[in-house]
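This report refers to the structure that appears directly beneath it.
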2 protein chains.
Amino acid sequence: MTHFGSTIREIRERLRRDDRRYSVRQVAGRVGIEPAYLSKIERGEVAPPSEATTVRLAQDLGEDPDVMLALAGKVSTDLQAIIRKRPRLFADLIRQLKEAPDKAVLRVVREVRDGNW
Amino acid sequence: MTHFGSTIREIRERLRRDDRRYSVRQVAGRVGIEPAYLSKIERGEVAPPSEATTVRLAQDLGEDPDVMLALAGKVSTDLQAIIRKRPRLFADLIRQLKEAPDKAVLRVVREVRDGNW
DNA sequence: AAAATTGTGTAGTATATACGACACATGACA
DNA sequence: TGTCATGTGTCGTATATACTACACAATTTT
């Protein structure tokens, strides 16, 4: 569950192998947090950071914010806002898709993107 | 935004007109919170309660938990868990459906329910 | 008229969230 | 060999979350 920290650490260390700008200190500096805090996050000594910090961290490491938020046990507030506007509709849809294979979900995504409405 | 409290109050008072069991005290009793707390919630003096309490409250008042959670500014954790398992997929889908009319979303729900996969 | 029920004001609490500041030993490097 | 950067340990804090406990005046019920 505290998969978040170790994942961040792996990604950062991989990037660091050929770019010195990915030390704990430098990443923390760019992301706007204390190095000691990032260190603790990576070792799972503290809970994953806030949504905003997680997103900035994901961006700095070139990762997908939604994926990183998921690892942090969160769902981005903009997605939540969309759901909250039509709760019944989206609740049904999401529960419906719970067991559906990726393929089926992807097909739905494409269908909607191609605007069949 | 603190639409939540007034909505609860209206629903409860409506039910109360022909059922004495829907006083602040009795509802609070069944839901498992202090009457004073429910009173404050209804008047928007405090923030909406936790997810668990909101759901019990919705059930007691015969309302849809997802809708009540939405009014409380929340999205139920079980929906979030589904999203977090496949963040990219669901993030795409939901953002895709943001502007889609209810009709289109409903069609998708039915399509999936009828198991075209 | 007594008893019970109503809603609400006041005050306080326990736990979680989300960090910052500083110091320090170790290792790299020039 | 001195300087600089590295990661991390310790301690503290501000704010939010989610309530409880008690009391009390007003109304309702019996």
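Numbers restart at 1 for each chain; the letters A, B, ... are given by sequence-line order, proteins then strands. Heavy-atom basis, side chains included; hydrogens, waters and symmetry copies ignored. Because the structure is a prediction, the values reported are computed rather than measured.
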Under a 3.5 Å threshold, yes or no: a donor from one side chain and an acceptor from the other, between A:Glu51 and A:Ser76?
no
Distance check needed: C:dT8 P versus B:Leu38 CG, whole Å only.
9 Å
Would you call B:Asp66-A:Arg95 a salt bridge at under 4.0 Å N-O?
yes
B:Glu45 CD to C:dA11 C1', straight-line distance once rounded to whole Å:
12 Å
Quickly work out the B:Ile41 CD1 to C:dT8 P distance and round it to whole Å.
12 Å
With a 4.0 Å cut-off on N to O distance, would you call B:Arg107 and B:Asp102 a salt bridge?
no
Heavy-atom nearest pair, B:Ala58 first then B:Pro65, reads CB-CA, 3.9 Å
Using a strict cut-off of less than 4.0 Å between a Lys/Arg side-chain nitrogen and an Asp/Glu carboxylate oxygen, indicate whether A:Asp60 and A:Arg12 qualify as a salt bridge.
no
Evaluate side chain to side chain contact (heavy atoms under 4.5 Å, CB included) for A:Ile82 paired with B:Leu97, printing each intermediate quantity in order.
CA-CA 9 Å; A:Ile82 296 173; B:Leu97 287 172; over 6 Å; no
What is the separation between atom OH on B:Tyr22 and atom C1' on C:dG7, rounded to the nearest whole Å?
19 Å
In B/S/- notation, 5' to 3', how is nucleotides 13-30 of chain D contacted by protein heavy atoms closer than 4.0 Å?
-----SBBBBB-----S-
A:Arg43 atom CZ is separated from D:dT10 atom P, nearest whole Å, by 10 Å
Are any of B:Arg12's side-chain N or O atoms less than 4.0 Å away from OP1 or OP2 of C:dT6?
no
For the pair B:Glu42 and B:Arg9, find out whether any cationic side-chain nitrogen is under 4.0 Å from an anionic carboxylate oxygen.
yes
Select one nucleotide: of C:dG7, D:dT6, D:dT8, the one nearest the side-chain heavy atoms of A:Arg9.
D:dT8
Joint cluster assignment, A:Val55 & A:Leu38, ILVMFWY side-chain distance < 4.5 Å:
no
Divergence of helical axes at both termini of the helix from C:dA1-D:dT30 to C:dA30-D:dT1 - five pairs an end, 10° steps
10°
Less than 4.0 angstrom between a side-chain N/O of A:Ser39 and OP1 or OP2 of D:dG7, yes or no?
no
In whole angstrom, what separates B:Arg21's CZ from C:dT5's C1'?
16 Å
So if you build clusters from Ile, Leu, Val, Met, Phe, Trp, Tyr with side-chain heavy-atom gaps below 4.5 Å, do B:Ile94 and B:Val112 land together?
yes
